[in-house]
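One structure is given below, encoded as structure tokens.
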Amino acid sequence: EDLLSKGHQAIQQGNFEQAAKIYWQAAVKNGESPEVWFCLSRAFYLSKNLKKAEMMALEATRRNPGNPTYLVQFLRITRDNGNPEIYLQELKHARTLFPNEPFVIMELAKGYETVDQDMRAARLLYIEFLKKHPGHSLCEQAQKAIRRLQE
């Protein structure tokens, strides 16, 4: 717990490499904690080390597959790694695990629109997002997408 707090402080100060070192120490002490691996993933992600961030996110997800936060972290990294087809496949899998997760619905809609060119599926997902998550910060983006897809 103390190491996690120190790592969080380093993150807040923008010292992501130091945070990663501290979180590694926490992983050595408590390697079964998904939270430690999640924090380590965030530190690597913020320092732009996407390969390591992805591996650590997978470790967090493996240790607690029922936590959507860990999966969303992995998905963000996969998105930023730049292979849209792989990212879309990961989103489709994530949808089976967490069908109501707002990030997954929105990103899947974008993927259907841009990668698969399936405008109907994209539109349906944007509509679903608005129905399931009224008041969410991404509602305006979903509404704009629906209008764009109707044109």
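Keep in mind it's a predicted model, so treat the numbers as computed, not measured. In this chain, residues are counted from 1 in sequence order. Side-chain atoms are counted along with the backbone in the values below, which use heavy atoms only and exclude waters and symmetry mates.
Contact detail for A20 and L40: the closest heavy-atom pair is O-CD1, 3.4 Å. Nearest heavy atom pair, residue P34 against residue A60, reads O-CB, 3.5 Å. Heavy-atom minimum distance, I105 versus P99: CD1-O, 3.6 Å. In terms of heavy atoms, A109 sits closest to A122 at O-CB, 3.3 Å.
Residues K51 and E54 are not paired through a salt bridge, judged by the lack of any N-O separation under 4.0 Å between the basic side chain and the carboxylate. Between K144 and E140, at least one side-chain nitrogen of the basic residue sits less than 4.0 Å from a carboxylate oxygen of the acidic one, meeting the salt-bridge criterion. Salt bridge status for K110 with D116: absent, with no side-chain N to carboxylate O gap under 4.0 Å.
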Output a table of donor-acceptor pairs, distance under 3.5 Å, between side-chain atoms of residues 126-135 and any protein atom two or more places apart or on a different chain; print 'none' if there are none.
residue: Y126; atom: OH; partner: E113; partner atom: OE1; Å: 3.0
residue: E128; atom: OE1; partner: R95; partner atom: NH2; Å: 2.8
residue: E128; atom: OE2; partner: R95; partner atom: NH1; Å: 3.0
residue: E128; atom: OE2; partner: R95; partner atom: NH2; Å: 2.9
residue: E128; atom: OE2; partner: K132; partner atom: NZ; Å: 2.7
residue: K132; atom: NZ; partner: N100; partner atom: OD1; Å: 2.5
residue: H133; atom: NE2; partner: N100; partner atom: O; Å: 2.8

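F16 and I22 fall into different hydrophobic clusters, defined by Ile, Leu, Val, Met, Phe, Trp and Tyr side-chain heavy atoms under 4.5 Å apart, directly or through other members. A continuous path of ILVMFWY side-chain contacts below 4.5 Å connects L46 to L4, so both sit in one hydrophobic cluster. A continuous path of hydrophobic side-chain contacts links V115 to V104 [ILVMFWY only; heavy atoms under 4.5 Å]. The hydrophobic clustering, which links ILVMFWY residues whose side-chain heavy atoms are closer than 4.5 Å, places L3 and W24 apart. Under a hydrophobic-cluster definition in which Ile, Leu, Val, Met, Phe, Trp and Tyr are linked whenever side-chain heavy atoms come within less than 4.5 Å, directly or via other members, L138 and L91 are assigned to the same cluster.
Between atom CZ of residue R123 and atom CG of residue D118 there is a gap of 12.5 Å, rounded to the nearest 0.5 Å. In this structure, the separation between OG1 on T69 and CZ on F103 is 11.5 Å, given to the nearest 0.5 Å. Atoms CD and OG, on E59 and S41 in that order, are 10.5 Å from each other to the nearest 0.5 Å. The distance from the CG atom of L58 to the CZ atom of R63 is 11.0 Å, given to the nearest 0.5 Å. The CD1 atom of I86 sits 15.5 Å away from atom CZ of R79, with the distance rounded to the nearest 0.5 Å. With rounding to the nearest 0.5 Å, the separation of CZ in F44 from CD in E17 is 9.0 Å.
A 4.5 Å side-chain heavy-atom check between L75 and L71 finds at least one atom pair inside the cut-off. Contact of the M56 side chain with the C39 side chain is not registered, since no non-hydrogen atoms from C-beta on lie closer than 4.5 Å. For the pair Q117 and Y112, the minimum side-chain heavy-atom distance is 4.5 Å or more.
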>> Apply side-chain contact (heavy atoms from CB on, under 4.5 Å) to residues L108 and L88 and explain how you reach the verdict.
In response: CA-CA 7 Å; L108 191 55; L88 184 59; 3.6 Å; yes
> Could you go step by step and tell me if Y70 and E35 meet the side-chain hydrogen bond (donor to acceptor under 3.5 Å, both in side chains) rule?
Replying inline: CA-CA 9 Å; Y70 301 151; E35 184 67 18; 3.0 Å; yes
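Counted by atom type alone, T78 and E90 present zero donor-acceptor pairs between their side chains at under 3.5 Å. Donor-acceptor pairing under 3.5 Å is recorded for the side chains of Y45 and D80.
With hydrogens and angles disregarded, a donor-acceptor distance shorter than 3.5 Å links the side chain of Y23 to the backbone of H8. The closest donor-acceptor contact from the side chain of W37 to the backbone of E32 lies at 3.5 Å or more, if one exists at all. Remark: side-chain polar atoms of R42 are not paired, donor with acceptor, to backbone N or O of I11 under 3.5 angstrom. Between the side chain of T96 and the main chain of H93, a donor-acceptor pair closer than 3.5 Å is present.
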